[in-house]
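The structure appears right after this line, and notes come after that.
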Protein chains: 2
Amino acid sequence: MAQGMNIGEAAKASGLSPKMIRWYEEQGLIPRPPRSEGGYRVYGPKDIERLRFIRRARDLGFGVRQIGQLLALWQDRGRASADVKRLALEHAAALEARIEALRGILAAIRHLAEHCHGDARPDCPILEHLAHDQEEHP
Amino acid sequence: MAQGMNIGEAAKASGLSPKMIRWYEEQGLIPRPPRSEGGYRVYGPKDIERLRFIRRARDLGFGVRQIGQLLALWQDRGRASADVKRLALEHAAALEARIEALRGILAAIRHLAEHCHGDARPDCPILEHLAHDQEEHP
DNA sequence: TCTTGACCTTCCCAGAATGGTAAAGCCCAC
DNA sequence: GTGGGCTTTACCATTCTGGGAAGGTCAAGA
């Protein structure tokens with residue numbers, strides 16, 4: 001075995017869904033595999049390796065474009081590790097920015113919720129915040 | 001003024017883009033406004049209030065469905081603040097989950113990047129992590 | 001009054017990644 | 001040979017936002 005897996009087996013072996021495998025193929029992350037007589041995609045060990053690489057990169061939150069760059073670097077024997085590191089640090093910076101934005105929002109929500117008594121009465125600082133412009137006044 | 005603003009003015013007054021205003025209308029968050037003779041949407045003060053409410057809710061990361069619920073509660077004189085609070089806390093929990101997931105990923109990336117010397121040499125623990133399955137072996 | 005430029009209208013397309021469905025064809029074990 | 005499971009393509013939906021095209025409207029200035 002390991003010689004010629006169908007997409008379902010490739011999916012199990014890589015941790016991706018068949019759908020995603022086809023989609024990555026469409027996006028150009030993986031070469032179009034040969035087909036069986038019946039038209040089925042046939043994957044070899046190299047393909048499985050590549051799919052697993054993709055899954056791990058995806059699990060680290062890399063986008064399709066970045067995964068493509070990582071794959072290119074991976075295949076490039078003469079790569080500089082600095083290039084890989086730069087990609088990773090850019091991704092880290094983007095993640096951090098998203099996290100910070102979300103944390104700001106979370107803090108605001110929590111703050112509002114804390115001051116809402118949360119009973120049967122209708123008055124609520126959350127709705128008041130949304131309704132009245134306390135924000136503008138620089 | 002404040003009587004009959006075009007969509008562009010409504011956008012400036014609310015902080016939303018004209019595109020988004022039309023889209024919120026399509027999503028049912030705001031009633032379809034009356035039109036001028038020429039077919040232009042005409043917004044009154046009440047509409048602007050509602051648009052601002054929507055913008056603030058959006059800025060707090062609420063999704064369209066939740067904004068709809070918040071608007072309904074806002075208009076409901078007999079609402080219980082507990083309902084608003086529940087919505088806010090659900091949203092906070094979802095935010096927290098997303099933040100935690102991102103933080104896990106960020107830590108992993110940072111850890112890998114720290115161990116990558118990042119120079120002209122090709123060997124790189126980041127690519128090695130992506131290439132070799134250290135993870136499977138339960 | 002005519003022109004011009006800014007604004008508005010609708011409709012289509014795109015992204016990013018995933019899931020679902022449907023109609024049809026293939027493959028294998030019994 | 002037949003049934004059930006797998007695969008194929010193709011289309012739709014999500015969530016929110018932006019871009020653009022093709023055409024209509026409006027107001028101000030010449």
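Proteins get letters first, then strands, A, B, ... in listed order; numbering begins at 1 in each. Everything numeric in this text was worked out from a predicted model, so none of it was measured.
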Rounded to the nearest angstrom, tell me the gap between atom [atom1] in [X] and atom [atom2] in [N].
X: A:R55; N: C:dA17; atom1: CZ; atom2: P; value: 16 Å
X: B:M5; N: C:dC7; atom1: CE; atom2: P; value: 14 Å
X: B:I21; N: C:dT9; atom1: CD1; atom2: C1'; value: 14 Å
X: B:I7; N: C:dC7; atom1: CD1; atom2: P; value: 13 Å
X: A:E25; N: C:dA17; atom1: CD; atom2: P; value: 17 Å
X: A:M20; N: C:dG19; atom1: CE; atom2: C1'; value: 8 Å
X: B:E26; N: C:dT9; atom1: CD; atom2: P; value: 13 Å

By nearest-heavy-atom nucleotide on DNA chain C, the more 5' of A:Y24 and A:E37 is A:Y24
Mapping A:G38 and B:E9 to their closest nucleotides on DNA chain C, which lands nearer the 5' end? B:E9
Taking the minimum atom-to-atom distance to the side chain of A:S36, which one of C:dT18, C:dC8, C:dC27 wins? C:dC27
Using atom types as modelled and distance alone, determine if a side-chain donor or acceptor of [X] lies under 3.5 Å from a backbone N or O of [Y].
X: B:H117; Y: B:D123; answer: yes
X: A:S81; Y: B:R121; answer: yes
X: A:H91; Y: A:G61; answer: yes

It should be established whether A:S17 places a side-chain nitrogen or oxygen under 4.0 Å from OP1 or OP2 of nucleotide C:dT18. no
Any B:Y43 side-chain nitrogen or oxygen under 4.0 Å from OP1 or OP2 of C:dC8: no
Taking B:F53 as the starting point, is it possible to reach B:I48 by hopping between hydrophobic residues whose side chains are less than 4.5 Å apart? yes
Could you tell me the boundaries of the chain A footprint on DNA chain D, defined by atoms under 4.0 Å from its heavy atoms? D:dC6 to D:dA10
Between B:E96 and A:R110, does any NZ, NE, NH1 or NH2 come within less than 4.0 Å of an OD or OE carboxylate oxygen? yes
Show me the protein contacts with nucleotides 10-12 of chain C, counting only N or O atoms at under 3.5 Å.
| residue | atom | partner | partner atom | Å |
| --- | --- | --- | --- | --- |
| C:dT10 | OP1 | B:R35 | NH2 | 3.1 |
| C:dT10 | OP2 | B:R41 | NH1 | 2.9 |
| C:dT10 | OP2 | B:R41 | NH2 | 2.9 |

Just verifying a value: how many Å separate A:L87 CG and B:I126 CD1, rounded to the nearest 0.5 Å? 8.5 Å
From A:L73 CG over to A:Q66 CD, what is the distance, rounded to the nearest 0.5 angstrom? 11.5 Å
Passes side chain to side chain contact (heavy atoms under 4.5 Å, CB included), A:I7 versus A:R22? Steps please. CA-CA 9 Å; A:I7 201 170; A:R22 292 192 198 99; 3.5 Å; yes
Looking at B:R41, B:R50, B:R32, which one forms a salt bridge (Lys or Arg N to Asp or Glu O under 4.0 Å) with B:E25? B:R41
